[in-house]
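Starting from 1, each residue takes its place in the sequence as its number. Nothing here was measured: the structure is a model prediction, and the numbers come from that model. Counting starts at 1 for both ligands and their atoms, in listed order.
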Amino acid sequence: MLALFRVDPPATRSREAKCQHAGMSVDGYRAMTSALRDFLDLVATAGPGADVDALTTDLRRWTDRLAPHRVDESRRVFGERFDLPDRGQTMTPLFVPRLVTTVRAEGVARFGEYFLGSNGAAHGGAVPLLFDEVLGHVVLARGLRARTAYLHTEYRAITPIGRDLTVRARVDRVSGRKLFLTAELSDGDAVCAESEALFVELRDGAP
Ligand SMILES: CCCCCCCCCC(=O)SCCNC(=O)CCNC(=O)[C@H](O)C(C)(C)COP(=O)(O)OP(=O)(O)OC[C@H]1O[C@@H](n2cnc3c(N)ncnc32)[C@H](O)[C@@H]1OP(=O)(O)O
């Protein structure tokens, strides 16, 4: 839960400019984060026969290639590609929005193998990570600078890995700077998890 909402709504940002800053093509960045998700899923599923020494050497080379391109937060692309289904980030389970308004969001969620806890169930910490992401879309649609004050999650059934799930979030109540929201994750008719959250709009001048 580390993102701070920015004042400018996503539509006003120039994704081309963001990518230019990062020295990447618009489509190239999409392909890169997609490839990274695939890679992380395969790291998670790899057995002991994997050629880890060679892979580690390759990974170190990739790190060395990216190191000179480090920029400050305001110029980063990761998580800032609002034109892409996953915002161009791999930190959260995949959320592909179908609908985002100022009062609700709905879409498809998918937990890749990377998010496995055990026995086919998603890691318990990954579920609120998804909820925070989805709720964040609603809050951002309101054009607010806000942060999560709490996010309570109830686990009703296991959250399966590798399936398209449905996630819904809505604003229940607004009181001054406080936004009370709820969210639900389901697998068909089965509810996997529910969440209640409070987002607090930041005071002027808050970092
Ligand atoms: C497209 C989407 C992409 C983005 C998706 C990612 C979204 C990620 C969003 C996040 O995860 S943000 C990062 C995680 N959250 C934080 O780091 C927040 C850390 N905490 C804070 O910064 C402050 O505590 C906070 C801004 C939440 C509140 O501080 P303030 O000084 O602005 O408010 P204040 O403490 O005066 O409280 C304001 C009201 O909220 C209430 N409140 C604050 N924290 C509360 C709490 N934890 N529980 C219950 N009530 C709470 C408080 O009682 C009060 O109620 P009243 O107005 O009725 O008096």
With heavy atoms of [X] as the reference, note each atom of ligand 1 found under 4.0 Å away.
X: Leu202; value: 26 (C)
X: Phe82; value: 1 (C)
X: Leu140; value: 1 (C)
X: Gly136; value: 2 (C)
X: Leu198; value: 42 (N), 45 (C), 49 (C), 50 (N), 51 (C)

field: Sole residue of Arg173, Arg168, Glu194, Arg170 in side-chain hydrogen bond (donor to acceptor under 3.5 Å, both in side chains) with Thr182
entry: Arg170

Would [X] count as being in polar contact with ligand 1, using the rule that some N or O on each side must be under 3.5 angstrom apart?
X: Arg203; value: yes
X: Lys178; value: yes
X: Thr148; value: yes
X: Asp132; value: yes

Is the closest basic N to carboxylate O distance between [X] and [Y] below 4.0 Å?
X: Glu201; Y: Arg142; value: no
X: Asp86; Y: Arg81; value: no
X: Asp64; Y: Arg61; value: no

- prompt: Can Glu80 and Arg75 be said to form a side chain to side chain contact (heavy atoms under 4.5 Å, CB included), step by step?
  reply: CA-CA 9 Å; Glu80 297 288 338; Arg75 295 173 60 205; over 6 Å; no

message: If you take the centroid of each ring, where Trp contributes its six-membered ring, are Phe111 and His123 closer together than 6.0 Å?
response: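 No, the ring of His123 stays outside the 6.0 Å limit from the ring of Phe111, centre to centre.
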
task: Classify the contact between Leu135 and ligand 1 as side chain, backbone, both or neither, using a heavy-atom distance cut-off of under 4.0 Å.
output: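 Contact part for Leu135 vs ligand 1: neither.
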
- prompt: Are any side-chain N or O atoms of Tyr114 and backbone N or O atoms of Arg37, one a donor and one an acceptor, separated by less than 3.5 Å?
  reply: no

task: Would you name the heavy atoms of Ala141 and Thr102 that are closest together and state the gap between them?
output: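 Of all heavy-atom pairs spanning Ala141 and Thr102, the closest is O-CG2, 3.4 Å.
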
message: Heavy atom to atom 33 (O) of ligand 1, shortest distance: which of Arg177, Gln89, Glu201 holds it?
response: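 The residue whose heavy atom sits nearest atom 33 (O) of ligand 1 is Arg177.
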
